[in-house]
Amino acid sequence: TLKNEYAAFGAELEVVHLAELSAQMIREGRLPLKSKLDDSVTYHDPCYLGRHNAVYEEPRAVLAQTVAAELREMPRSRAKSACCKSSVTPATKPQATGPRAMSNTLSELVRNALIGGMLVGFVASYFGVFVVQRRMAFLGSGLAHAAFGGIALGLFANIEPVYIAIPFTIVFAVAIVWVREHSVLVEDTVIGVVVAVAMALGIVFIQLKSNYVDAQTYLFGSVTFIEESDVRMAFAMGCATLVTLPLWGSWAYATFDRNLAQTDRLKVRFHDYALAVAMALAIVVSIKLVGILLISTFLVLPAATARLLSRS
(Lines give C-alpha, C1' and ligand atoms only; values in the text may rest on other atoms or scores of the structure.)
Protein backbone atom coordinates (compact mmCIF):
# COMPACT_ATOMS: atom_id res chain seq x y z
CA THR A 1 0.00 0.00 0.00
CA LEU A 2 2.74 2.44 1.00
CA LYS A 3 4.58 1.78 -2.23
CA ASN A 4 1.76 3.45 -4.15
CA GLU A 5 1.11 6.19 -1.59
CA TYR A 6 4.60 7.58 -0.92
CA ALA A 7 4.53 9.49 -4.23
CA ALA A 8 1.43 11.38 -3.10
CA PHE A 9 3.52 12.89 -0.28
CA GLY A 10 6.39 13.82 -2.55
CA ALA A 11 8.71 11.01 -1.45
CA GLU A 12 10.64 8.97 -3.98
CA LEU A 13 11.47 5.74 -2.17
CA GLU A 14 12.06 2.21 -3.36
CA VAL A 15 9.79 -0.13 -1.45
CA VAL A 16 10.63 -3.84 -1.53
CA HIS A 17 8.35 -6.47 -0.06
CA LEU A 18 9.83 -9.24 2.08
CA ALA A 19 8.83 -11.81 -0.56
CA GLU A 20 10.72 -9.85 -3.23
CA LEU A 21 13.79 -9.51 -0.99
CA SER A 22 13.72 -13.20 -0.07
CA ALA A 23 13.41 -14.29 -3.70
CA GLN A 24 16.35 -12.06 -4.67
CA MET A 25 18.54 -13.37 -1.85
CA ILE A 26 17.71 -16.97 -2.75
CA ARG A 27 18.61 -16.35 -6.39
CA GLU A 28 21.91 -14.75 -5.39
CA GLY A 29 22.76 -17.55 -2.97
CA ARG A 30 22.75 -15.25 0.07
CA LEU A 31 19.88 -17.10 1.72
CA PRO A 32 20.76 -20.81 1.81
CA LEU A 33 17.92 -23.21 2.60
CA LYS A 34 18.87 -26.28 4.63
CA SER A 35 15.65 -28.22 4.18
CA LYS A 36 12.28 -28.13 2.44
CA LEU A 37 8.76 -28.61 3.73
CA ASP A 38 7.63 -32.09 2.74
CA ASP A 39 4.07 -31.07 2.08
CA SER A 40 1.89 -29.51 -0.59
CA VAL A 41 1.01 -25.82 -0.26
CA THR A 42 -1.79 -23.76 -1.75
CA TYR A 43 -0.85 -20.12 -2.32
CA HIS A 44 -3.36 -17.27 -2.15
CA ASP A 45 -2.40 -13.92 -3.68
CA PRO A 46 -2.98 -11.16 -1.12
CA CYS A 47 -5.00 -8.20 -2.37
CA TYR A 48 -2.42 -5.43 -2.08
CA LEU A 49 0.66 -7.49 -2.81
CA GLY A 50 -1.00 -9.07 -5.84
CA ARG A 51 -3.68 -7.02 -7.54
CA HIS A 52 -2.56 -3.61 -6.32
CA ASN A 53 1.20 -4.08 -6.71
CA ALA A 54 1.39 -6.89 -9.32
CA VAL A 55 3.80 -8.97 -7.23
CA TYR A 56 2.93 -12.49 -8.32
CA GLU A 57 6.06 -14.43 -9.19
CA GLU A 58 8.35 -13.62 -6.24
CA PRO A 59 6.22 -15.35 -3.55
CA ARG A 60 5.90 -18.38 -5.81
CA ALA A 61 9.63 -18.43 -6.38
CA VAL A 62 10.22 -18.49 -2.61
CA LEU A 63 7.68 -21.27 -2.13
CA ALA A 64 9.19 -23.27 -4.98
CA GLN A 65 12.49 -23.29 -3.08
CA THR A 66 10.95 -24.11 0.30
CA VAL A 67 8.30 -26.71 -0.59
CA ALA A 68 9.38 -30.16 -1.71
CA ALA A 69 5.89 -31.33 -2.67
CA GLU A 70 3.27 -29.78 -4.92
CA LEU A 71 2.65 -26.02 -5.06
CA ARG A 72 -1.05 -25.67 -5.79
CA GLU A 73 -2.89 -22.73 -7.29
CA MET A 74 -6.32 -21.60 -6.17
CA PRO A 75 -9.06 -21.54 -8.84
CA ARG A 76 -8.85 -17.76 -8.76
CA SER A 77 -5.28 -16.52 -8.59
CA ARG A 78 -3.07 -13.59 -9.52
CA ALA A 79 -5.15 -10.67 -10.89
CA LYS A 80 -8.36 -12.66 -10.44
CA SER A 81 -7.65 -13.59 -6.83
CA ALA A 82 -10.40 -13.20 -4.25
CA CYS A 83 -10.18 -10.63 -1.48
CA CYS A 84 -8.11 -11.71 1.54
CA LYS A 85 -10.93 -11.33 4.04
CA SER A 86 -13.74 -12.70 1.89
CA SER A 87 -13.49 -15.45 -0.69
CA VAL A 88 -16.78 -14.31 -2.18
CA THR A 89 -15.68 -10.79 -3.20
CA PRO A 90 -15.03 -10.63 -6.96
CA ALA A 91 -11.56 -9.41 -7.79
CA THR A 92 -12.85 -7.41 -10.72
CA LYS A 93 -15.33 -5.51 -8.57
CA PRO A 94 -14.10 -2.14 -7.22
CA GLN A 95 -13.22 -2.60 -3.58
CA ALA A 96 -14.66 -0.20 -1.03
CA THR A 97 -12.40 1.28 1.62
CA GLY A 98 -12.84 2.64 5.13
CA PRO A 99 -16.17 2.34 6.96
CA ARG A 100 -17.92 1.24 3.77
CA ALA A 101 -15.60 -1.75 3.37
CA MET A 102 -16.18 -2.72 7.00
CA SER A 103 -19.93 -2.41 6.54
CA ASN A 104 -19.87 -4.59 3.42
CA THR A 105 -17.77 -7.23 5.16
CA LEU A 106 -20.05 -7.28 8.21
CA SER A 107 -23.16 -7.52 6.05
CA GLU A 108 -21.71 -10.52 4.22
CA LEU A 109 -20.78 -12.20 7.52
CA VAL A 110 -24.23 -11.59 9.00
CA ARG A 111 -25.95 -12.74 5.81
CA ASN A 112 -23.96 -15.97 5.58
CA ALA A 113 -24.36 -16.65 9.30
CA LEU A 114 -28.13 -16.06 9.18
CA ILE A 115 -28.77 -18.15 6.06
CA GLY A 116 -26.40 -20.92 7.13
CA GLY A 117 -27.89 -21.04 10.63
CA MET A 118 -31.45 -21.21 9.30
CA LEU A 119 -30.56 -24.03 6.89
CA VAL A 120 -28.79 -26.03 9.59
CA GLY A 121 -31.70 -25.46 11.97
CA PHE A 122 -34.17 -26.71 9.36
CA VAL A 123 -32.18 -29.84 8.46
CA ALA A 124 -31.35 -30.69 12.09
CA SER A 125 -34.91 -30.24 13.33
CA TYR A 126 -36.26 -32.26 10.38
CA PHE A 127 -34.24 -35.31 11.34
CA GLY A 128 -34.40 -34.48 15.05
CA VAL A 129 -38.00 -35.67 15.20
CA PHE A 130 -36.88 -39.22 14.46
CA VAL A 131 -33.87 -38.90 16.74
CA VAL A 132 -36.07 -38.02 19.72
CA GLN A 133 -38.96 -40.40 18.97
CA ARG A 134 -36.60 -43.35 18.34
CA ARG A 135 -34.47 -42.42 21.35
CA MET A 136 -31.41 -42.05 19.13
CA ALA A 137 -29.94 -38.91 20.70
CA PHE A 138 -26.65 -40.72 21.25
CA LEU A 139 -26.55 -41.65 17.55
CA GLY A 140 -26.39 -37.99 16.49
CA SER A 141 -23.53 -37.32 18.88
CA GLY A 142 -21.83 -40.56 17.80
CA LEU A 143 -21.98 -39.72 14.09
CA ALA A 144 -20.66 -36.22 14.78
CA HIS A 145 -17.67 -37.65 16.62
CA ALA A 146 -17.24 -40.26 13.89
CA ALA A 147 -17.04 -37.43 11.36
CA PHE A 148 -14.02 -36.13 13.28
CA GLY A 149 -12.04 -39.12 12.01
CA GLY A 150 -12.94 -38.29 8.41
CA ILE A 151 -12.11 -34.62 8.88
CA ALA A 152 -8.72 -35.51 10.36
CA LEU A 153 -8.07 -37.88 7.44
CA GLY A 154 -8.87 -35.06 4.99
CA LEU A 155 -6.52 -32.69 6.81
CA PHE A 156 -3.82 -35.36 6.79
CA ALA A 157 -4.24 -36.02 3.05
CA ASN A 158 -4.49 -32.29 2.17
CA ILE A 159 -8.00 -32.81 0.77
CA GLU A 160 -11.07 -30.76 1.61
CA PRO A 161 -12.08 -32.38 4.94
CA VAL A 162 -15.80 -32.39 4.20
CA TYR A 163 -15.28 -34.47 1.05
CA ILE A 164 -13.56 -37.18 3.10
CA ALA A 165 -15.83 -36.88 6.14
CA ILE A 166 -19.01 -37.56 4.12
CA PRO A 167 -18.16 -41.12 2.97
CA PHE A 168 -16.29 -41.77 6.24
CA THR A 169 -19.35 -40.93 8.35
CA ILE A 170 -21.72 -42.77 6.05
CA VAL A 171 -19.64 -45.93 6.45
CA PHE A 172 -19.80 -45.63 10.23
CA ALA A 173 -23.56 -44.91 10.13
CA VAL A 174 -24.21 -48.00 8.02
CA ALA A 175 -21.92 -50.03 10.30
CA ILE A 176 -23.87 -48.96 13.38
CA VAL A 177 -27.18 -50.03 11.86
CA TRP A 178 -25.73 -53.30 10.54
CA VAL A 179 -24.14 -54.31 13.86
CA ARG A 180 -27.33 -53.41 15.71
CA GLU A 181 -29.36 -55.62 13.37
CA HIS A 182 -26.95 -58.60 13.35
CA SER A 183 -25.62 -58.77 16.90
CA VAL A 184 -26.82 -58.94 20.47
CA LEU A 185 -25.24 -55.58 21.30
CA VAL A 186 -27.60 -52.71 22.03
CA GLU A 187 -27.33 -49.53 19.98
CA ASP A 188 -25.68 -47.43 22.70
CA THR A 189 -22.88 -49.96 23.04
CA VAL A 190 -22.27 -50.06 19.30
CA ILE A 191 -22.20 -46.26 19.08
CA GLY A 192 -19.77 -46.07 22.00
CA VAL A 193 -17.37 -48.44 20.23
CA VAL A 194 -17.68 -46.53 16.94
CA VAL A 195 -17.05 -43.18 18.63
CA ALA A 196 -13.92 -44.51 20.32
CA VAL A 197 -12.55 -45.95 17.07
CA ALA A 198 -13.32 -42.84 15.00
CA MET A 199 -11.89 -40.43 17.57
CA ALA A 200 -8.77 -42.55 17.93
CA LEU A 201 -8.27 -42.55 14.16
CA GLY A 202 -8.76 -38.80 14.08
CA ILE A 203 -6.13 -38.22 16.75
CA VAL A 204 -3.70 -40.54 14.93
CA PHE A 205 -4.17 -38.72 11.60
CA ILE A 206 -3.65 -35.31 13.20
CA GLN A 207 -0.53 -36.49 15.02
CA LEU A 208 0.86 -37.93 11.77
CA LYS A 209 0.49 -34.57 10.07
CA SER A 210 3.97 -33.10 9.72
CA ASN A 211 2.90 -29.50 10.31
CA TYR A 212 0.47 -27.90 12.71
CA VAL A 213 -3.23 -28.47 12.04
CA ASP A 214 -5.96 -26.37 13.63
CA ALA A 215 -9.08 -28.52 14.03
CA GLN A 216 -10.89 -26.17 16.41
CA THR A 217 -13.12 -24.83 13.62
CA TYR A 218 -14.59 -28.30 13.20
CA LEU A 219 -14.84 -28.96 16.93
CA PHE A 220 -16.58 -25.73 17.92
CA GLY A 221 -17.87 -24.42 14.58
CA SER A 222 -17.54 -20.93 13.13
CA VAL A 223 -20.96 -19.69 12.10
CA THR A 224 -19.85 -16.03 11.93
CA PHE A 225 -16.99 -16.74 9.51
CA ILE A 226 -18.52 -19.29 7.15
CA GLU A 227 -17.96 -18.77 3.46
CA GLU A 228 -20.49 -18.69 0.68
CA SER A 229 -19.40 -22.18 -0.39
CA ASP A 230 -20.47 -23.46 3.04
CA VAL A 231 -23.85 -21.79 2.62
CA ARG A 232 -24.25 -23.37 -0.81
CA MET A 233 -23.45 -26.78 0.64
CA ALA A 234 -25.98 -26.27 3.43
CA PHE A 235 -28.55 -25.16 0.84
CA ALA A 236 -27.88 -28.31 -1.20
CA MET A 237 -28.37 -30.39 1.93
CA GLY A 238 -31.63 -28.58 2.60
CA CYS A 239 -32.85 -29.40 -0.91
CA ALA A 240 -31.76 -33.03 -0.47
CA THR A 241 -33.72 -33.11 2.79
CA LEU A 242 -36.86 -31.98 0.99
CA VAL A 243 -36.35 -34.83 -1.48
CA THR A 244 -36.81 -37.28 1.42
CA LEU A 245 -40.34 -36.01 2.12
CA PRO A 246 -41.91 -39.01 0.33
CA LEU A 247 -40.12 -41.24 2.86
CA TRP A 248 -41.50 -39.31 5.84
CA GLY A 249 -44.60 -41.47 6.15
CA SER A 250 -42.62 -44.73 6.12
CA TRP A 251 -40.08 -43.38 8.62
CA ALA A 252 -42.87 -42.18 10.91
CA TYR A 253 -44.71 -45.51 10.59
CA ALA A 254 -41.60 -47.47 11.57
CA THR A 255 -40.83 -44.96 14.31
CA PHE A 256 -44.16 -45.16 16.17
CA ASP A 257 -44.88 -48.87 15.65
CA ARG A 258 -41.96 -50.84 14.28
CA ASN A 259 -43.56 -54.28 14.73
CA LEU A 260 -46.76 -53.27 12.97
CA ALA A 261 -44.74 -51.74 10.13
CA GLN A 262 -42.86 -55.01 9.69
CA THR A 263 -46.12 -56.95 9.74
CA ASP A 264 -47.43 -54.57 7.09
CA ARG A 265 -44.42 -55.61 4.93
CA LEU A 266 -42.75 -52.23 5.15
CA LYS A 267 -39.02 -52.41 4.40
CA VAL A 268 -38.07 -51.26 7.86
CA ARG A 269 -34.39 -52.18 7.59
CA PHE A 270 -34.03 -50.31 4.31
CA HIS A 271 -35.56 -47.21 5.87
CA ASP A 272 -33.25 -47.58 8.88
CA TYR A 273 -30.24 -47.45 6.57
CA ALA A 274 -31.70 -44.58 4.54
CA LEU A 275 -32.38 -42.54 7.68
CA ALA A 276 -28.89 -43.22 9.05
CA VAL A 277 -27.23 -42.14 5.78
CA ALA A 278 -29.36 -38.98 5.57
CA MET A 279 -28.48 -38.10 9.17
CA ALA A 280 -24.79 -38.67 8.44
CA LEU A 281 -24.92 -36.26 5.49
CA ALA A 282 -26.79 -33.64 7.50
CA ILE A 283 -24.34 -33.86 10.38
CA VAL A 284 -21.21 -33.57 8.23
CA VAL A 285 -22.54 -30.58 6.30
CA SER A 286 -23.49 -28.85 9.56
CA ILE A 287 -20.24 -29.48 11.42
CA LYS A 288 -18.30 -26.53 10.01
CA LEU A 289 -21.13 -24.19 10.95
CA VAL A 290 -21.99 -25.35 14.48
CA GLY A 291 -19.19 -27.77 15.37
CA ILE A 292 -18.93 -31.40 16.37
CA LEU A 293 -19.73 -30.62 20.00
CA LEU A 294 -22.98 -28.77 19.27
CA ILE A 295 -24.58 -30.54 16.31
CA SER A 296 -26.24 -33.12 18.56
CA THR A 297 -27.89 -30.23 20.42
CA PHE A 298 -29.38 -28.97 17.15
CA LEU A 299 -30.77 -32.45 16.54
CA VAL A 300 -32.31 -32.94 19.97
CA LEU A 301 -33.48 -29.57 21.36
CA PRO A 302 -36.01 -28.51 18.67
CA ALA A 303 -37.68 -31.92 18.53
CA ALA A 304 -37.63 -32.34 22.31
CA THR A 305 -39.20 -28.91 22.78
CA ALA A 306 -41.87 -29.72 20.21
CA ARG A 307 -42.52 -33.02 21.96
CA LEU A 308 -43.10 -31.24 25.26
CA LEU A 309 -45.45 -28.68 23.71
CA SER A 310 -47.34 -31.11 21.48
CA ARG A 311 -50.68 -32.55 22.66
CA SER A 312 -50.46 -35.67 20.49
Side-chain angles (χ1 to χ4, degrees), residues 120 123-124 127-223 237 255 258 268-304:
V120 170
V123 172
F127 293 106
V129 174
F130 303 106
V131 170
V132 171
Q133 289 300 128
R134 295 190 178 201
R135 300 178 182 179
M136 296 164 53
F138 193 33
L139 176 62
S141 178
L143 290 180
H145 285 79
F148 176 73
I151 289 171
L153 178 58
L155 294 173
F156 172 73
N158 294 314
I159 303 174
E160 174 60 36
V162 174
Y163 298 154
I164 301 296
I166 287 177
F168 193 92
T169 310
I170 288 176
V171 169
F172 274 88
V174 172
I176 290 173
V177 177
W178 188 89
V179 173
R180 183 189 64 191
E181 297 286 346
H182 295 84
S183 72
V184 296
L185 297 176
V186 296
E187 188 175 53
D188 288 351
T189 303
V190 177
I191 295 173
V193 173
V194 168
V195 168
V197 172
M199 291 294 291
L201 288 174
I203 294 173
V204 169
F205 290 139
I206 289 180
Q207 292 298 321
L208 290 176
K209 185 72 174 175
S210 57
N211 54 338
Y212 173 73
V213 174
D214 185 8
Q216 289 192 5
T217 300
Y218 299 97
L219 289 174
F220 302 103
S222 183
V223 70
M237 186 60 216
T255 297
R258 184 180 183 88
V268 175
R269 288 189 178 181
F270 167 78
H271 289 293
D272 287 344
Y273 284 110
L275 181 58
V277 170
M279 285 182 56
L281 286 171
I283 287 171
V284 173
V285 172
S286 306
I287 278 177
K288 193 173 181 181
L289 282 70
V290 298
I292 292 173
L293 302 180
L294 285 179
I295 184 59
S296 59
T297 304
F298 276 69
L299 286 169
V300 174
L301 277 184

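Counting begins at 1 with the first residue of the sequence. Model, not experiment: these values are computed from the prediction. Computed from heavy atoms alone, side chains included, the values below leave out hydrogens, waters and symmetry copies.
- L139 contributes atom CG, which lies 8.0 Å from atom CG of L275 (distance to the nearest 0.5 angstrom).
- To the nearest 0.5 Å, the span separating CD1 on I166 from CD1 on I151 amounts to 10.0 Å.
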### Message
side chain to side chain contact (heavy atoms under 4.5 Å, CB included) for V195 and F148? Distances and angles first, verdict last.
### Response
CA-CA 9 Å; V195 168; F148 176 73; over 6 Å; no
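- Closest heavy-atom contact between G150 and I164: O-CG2, 3.4 Å.
- Counting all heavy atoms, side chain and backbone alike, A303 lies closest to G128 at CB-O, 3.2 Å.
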- Message: The test is side chain to side chain contact (heavy atoms under 4.5 Å, CB included); show your working for R180 and D272 and say whether it passes.
- Response: CA-CA 11 Å; R180 183 189 64 191; D272 287 344; 3.6 Å; yes
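- Remark: L301 CG to S296 OG distance equals 9.0 Å, nearest 0.5 Å.
- For the pair A198 and H145, the tightest heavy-atom approach, listed with the atom from each and the gap, is CB-O, 4.0 Å.
- In this structure the side chain of I176 reaches within 4.5 angstrom of the side chain of L143, judged on heavy atoms.
- Annotation for A144 and I292: closest pair O-CG2, 3.5 Å, computed over non-hydrogen atoms.
- The line from CZ of F298 to CZ of F127 is 16.0 Å long, rounded to the nearest 0.5 Å.
- Annotation: side chain of I283 is in contact with side chain of L299 (closest heavy-atom distance under 4.5 Å).
- Residues V277 and V174 form a side-chain contact, since some pair of their non-hydrogen atoms from C-beta on lies under 4.5 Å apart.
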Side chain to side chain contact (heavy atoms under 4.5 Å, CB included) between L201 and F168: does it pass, once the steps are laid out?
-> CA-CA 11 Å; L201 288 174; F168 193 92; 4.1 Å; yes
Inset, instruction - Using the side chain to side chain contact (heavy atoms under 4.5 Å, CB included) rule, take V129 and T255 through it: C-alpha gap first, then chi angles, then the decisive distance, then the call. - result: CA-CA 10 Å; V129 174; T255 297; over 6 Å; no
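- Residues V132 and A304 approach most closely at CG2-N, 3.9 Å, considering heavy atoms.
- Interatomic distance, CH2 of W178 versus CZ of R269, reported as 10.5 Å (0.5 Å rounding).
- Taking OG1 from T169 and CG from L281, the interatomic distance works out to 8.5 Å, rounded to the nearest 0.5 Å.
- When all heavy atoms are compared, the tightest approach of L155 to P161 is CD2-CG, 3.6 Å.
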